[in-house]
Q: 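Structure in structure tokens, see below.
In what follows, chains carry the letters A, B, and so on, assigned in the order in which the sequence lines appear, proteins first and then strands, with residues in each chain numbered from 1. Predicted model only: the values in this text are computed from it and were never measured.
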There are 2 protein chains.
Amino acid sequence: MTTETTTRSKQTPAQFAGVVKLDQQLCFALYSASGLMTRLYRPLLDPLGLTYPQYLAMLALWERAPSTVGELGEALGLDSATLTPLLKRLEAGGLVTRRRDPADERRVLVEPTAKGQALREQARSVPAAMLCNLPLDADELKSLHHTLTRFVSGLRKADAGRANRD
Amino acid sequence: MTTETTTRSKQTPAQFAGVVKLDQQLCFALYSASGLMTRLYRPLLDPLGLTYPQYLAMLALWERAPSTVGELGEALGLDSATLTPLLKRLEAGGLVTRRRDPADERRVLVEPTAKGQALREQARSVPAAMLCNLPLDADELKSLHHTLTRFVSGLRKADAGRANRD
DNA sequence: TACTAAACAATCGCGCACGATTTAAATGGA
DNA sequence: TCCATTTAAATCGTGCGCGATTGTTTAGTA
């Protein structure tokens with residue numbers, strides 16, 4: 001393989017170099033934005049005793065319970081090596097229960113406890129509070145969300161392709 | 001303070017709820033995109049023996065060396081608790097040197113070694129290879145980059161504000 | 001029915017990320 | 001000059017994130 005790369009559209013070398021630079025900045029912006037966003041969630045989630053990934057897991061479980069570890073992993077894009085300890089921490093905090101599925105002993109069913117359900121009420125104010133932190137107006141938010149959603153689904157496909165090649 | 005939140009523009013409750021939902025999805029999309037992007041960098045960076053944050057640190061050092069730990073932290077948005085061990089690993093790999101600044105013994109100067117400089121040549125093909133993974137055309141890339149850059153600089157401001165309140 | 005393969009969660013090791021604290025050096029007055 | 005304050009990096013503890021491996025259960029098949 002040479003440095004010749006198959007791009008979707010024909011471009012001059014100068015345009016190509018510019019796009020390359022841009023994608024590098026884009027990746028870094030994504031990395032930065034994700035970290036900053038997590039930091040802004042922290043003061044909102046600390047009172048609930050949750051981290052951002054734990055909050056995501058609870059959101060998923062409030063939507064659908066019981067869920068298996070695998071289903072949560074699918075929803076959040078995380079694997080069992082990440083989720084198992086995270087769920088154990090939620091369990092230790094009394095927010096969820098974990099039990100083997102009697103119908104298939106390979107699976108583990110996760111479910112909010114009463115305390116975990118009660119937390120949902122406290123968590124209702126989080127999204128609106130977070131919105132106040134976001135520095136974009138509704139239109140920009142919409143545009144960013146739209147492009148980013150396409151981006152993520154494309155990345156997911158690329159990632160799945162990579163995973164199937166071994 | 002009540003649940004009444006000060007948003008930039010006046011909206012009906014229904015619109016407000018929609019935007020709240022959107023920002024939640026946006027944050028998750030950001031979180032997912034960042035993780036996916038790191039995963040896609042991995043096969044490109046593994047041959048270089050770098051992780052993505054290490055790659056970012058080397059990019060910064062290739063641009064400007066020597067840099068202090070604080071300058072790198074400023075550039076990458078990381079603090080010394082993250083950078084010190086990361087830089088020690090790069091040092092252990094023979095890619096950078098770390099030494100106290102003789103003019104100010106509080107500072108530590110970090111600089112690529114010859115091996116670290118040589119790595120730059122190998123790393124030249126990374127951005128173009130990464131670009132092939134990205135599922136957007138040049139225009140979308142540009143638009144995403146533009147919105148995201150505004151977003152990040154806004155978040156940075158919000159984050160700085162939060163930091164100054166204690 | 002055996003025996004292999006696949007699916008699922010858990011575990012291990014390593015690296016990032018950060019809040020809080022500590023140590024050391026420089027700075028700025030009284 | 002002396003001392004309090006500030007600045008810079010390192011350290012500690014906890015929690016994500018994941019590649020690789022392991023153990024167990026289920027499914028598929030000869």
Side-chain angles (χ1 to χ4, degrees), chain A residues 31-43 45-46 49-58 66-74 76-93 98-110 159 162-166, chain B residues 31-43 45-46 49-57 66-74 76-93 98-110 159 162-163 165-166:
Chain A
Y31 167 82
S32 303
S34 175
L36 285 165
M37 190 214 54
T38 301
R39 275 215 271 294
L40 287 176
Y41 261 114
R42 197 182 311 277
L45 295 179
D46 265 351
L50 294 177
T51 64
Y52 183 62
Q54 287 169 4
Y55 173 64
L56 290 179
M58 291 308 294
S67 292
T68 67
V69 173
E71 284 164 352
L72 285 172
E74 183 68 24
L76 306 184
L78 300 172
D79 71 356
S80 69
T82 300
L83 278 175
T84 296
L86 184 154
L87 292 171
K88 281 185 175 176
R89 282 185 286 273
L90 290 179
E91 186 182 36
R98 296 163 62 246
R99 63 178 203 282
R100 290 279 167 184
D101 183 348
D104 183 345
E105 292 276 343
R106 290 173 303 181
R107 297 166 188 259
V108 165
L109 297 176
V110 188
D159 187 51
R162 189 203 51 70
N164 292 338
R165 266 199 302 283
D166 52 35
Chain B
Y31 166 83
S32 302
S34 175
L36 284 164
M37 192 214 52
T38 301
R39 276 215 272 295
L40 286 176
Y41 261 113
R42 198 184 309 277
L45 295 179
D46 264 352
L50 294 176
T51 64
Y52 183 62
Q54 288 170 3
Y55 173 64
L56 290 178
S67 293
T68 67
V69 173
E71 286 163 352
L72 285 172
E74 183 69 23
L76 306 185
L78 299 172
D79 71 355
S80 68
T82 300
L83 276 175
T84 296
L86 184 152
L87 292 170
K88 281 185 174 176
R89 281 186 286 273
L90 290 178
E91 186 182 36
R98 296 163 61 246
R99 63 178 202 283
R100 291 278 165 185
D101 183 348
D104 184 344
E105 291 276 342
R106 289 174 303 182
R107 299 167 188 263
V108 165
L109 298 175
V110 187
D159 188 50
R162 190 202 52 72
R165 267 197 303 281
D166 54 34

Q: Dump the pairs, protein N or O against N or O of nucleotides 9-15 of chain D, anything under 3.5 Å, distances to one decimal.
A:
{"from": "dA9(D)", "atom 1": "OP1", "to": "Val69(B)", "atom 2": "N", "distance (Å)": "3.4"}
{"from": "dA9(D)", "atom 1": "OP1", "to": "Val108(B)", "atom 2": "N", "distance (Å)": "3.3"}
{"from": "dA9(D)", "atom 1": "OP2", "to": "Gly70(B)", "atom 2": "N", "distance (Å)": "2.8"}
{"from": "dA10(D)", "atom 1": "OP1", "to": "Arg98(B)", "atom 2": "NH2", "distance (Å)": "2.4"}
{"from": "dA10(D)", "atom 1": "OP2", "to": "Thr84(B)", "atom 2": "OG1", "distance (Å)": "2.4"}
{"from": "dA10(D)", "atom 1": "N7", "to": "Ser80(B)", "atom 2": "OG", "distance (Å)": "2.9"}
{"from": "dT11(D)", "atom 1": "OP2", "to": "Lys88(B)", "atom 2": "NZ", "distance (Å)": "2.6"}

Q: Above 12 or not: heavy atoms from other molecules or residues under 6.0 Å from CD of Glu74(B)?
A: no
Q: Could you say whether Asp104(A) or Tyr52(A) is positioned toward the 5' end of DNA chain D, judged by the nucleotide with the nearest heavy atom to each?
A: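 In this pair, the answer is Tyr52(A).
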Q: Give me the atom names and distance for the closest heavy-atom approach of Ser34(A) to Ser34(B).
A: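 In terms of heavy atoms, the two residues are closest at CB-CB, 3.5 Å.
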Q: Find the distance Glu74(B):CD to dT7(D):P and express it as a whole number of Å.
A: 14 Å
Q: Taking OP1 and OP2 of dG19(D), is either one under 4.0 Å from a side-chain nitrogen or oxygen of Arg42(B)?
A: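 The answer is yes; a side-chain N or O of Arg42(B) sits under 4.0 Å from OP1 or OP2.
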Q: Can you measure Tyr31(A) atom OH to dG17(D) atom C1' for me and round it to whole angstrom units?
A: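 Interatomic distance, OH of Tyr31(A) to C1' of dG17(D): 13 Å.
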Q: Give the minimum heavy-atom separation between Arg98(A) and Thr84(A), together with the two atoms involved.
A: NH2-CG2, 4.3 Å
Q: Measure from CE on Met37(A) to P on dA17(C) and round the result to the nearest Å.
A: 14 Å
Q: Please report, rounded to the nearest Å, how far the C1' atom of dG15(C) is from the CG atom of Leu50(B).
A: 13 Å
Q: Check the distance between dA10(C)'s C1' and Leu78(A)'s CG and give it to me in whole angstrom.
A: 16 Å
Q: Which listed nucleotide (dG19(D), dC18(C), dT25(D)) is nearest to the side chain of Glu105(A)?
A: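 From the listed options, dT25(D) comes nearest.
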Q: Rounded to whole angstroms, how far apart are CG on Asp101(B) and P on dT7(D)?
A: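 That distance rounds to 17 Å.
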Q: Hey, is the side chain of Tyr41(A) poking within less than 4.0 Å of OP1 or OP2 on dC18(C), counting only N and O atoms?
A: no
Q: Can you list everything that forms a side chain to side chain donor-acceptor pair (under 3.5 Å) with Tyr55(A)? Sequence neighbours excluded, please.
A: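 Listed in chain order: Gln24(B).
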Q: Who pairs with Asp101(B) by side chain to side chain donor-acceptor pair (under 3.5 Å), at least two apart in sequence or on another chain?
A: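 Asp101(B) satisfies side chain to side chain donor-acceptor pair (under 3.5 Å) with no residue once adjacent residues are dropped.
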Q: Using every non-hydrogen atom in the two residues, find where Leu72(B) and Ser67(B) come nearest and quote the distance to one decimal.
A: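 Looking at all heavy atoms of both residues, the closest pair is CG-CB, 4.1 Å.
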Q: May I have the distance from Leu40(B) (atom CG) to dC18(D) (atom P), rounded to whole angstrom?
A: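 So the CG-P distance, Leu40(B) to dC18(D), works out to 12 Å.
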Q: Keeping Arg100(A) on the side-chain end and Arg106(A) on the backbone end, is there a donor-acceptor pair under 3.5 Å?
A: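 It does hold such a pair.
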Q: Roughly, in whole Å, what's the span from CG in Asp79(A) to P in dG13(C)?
A: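 Result: 17 Å.
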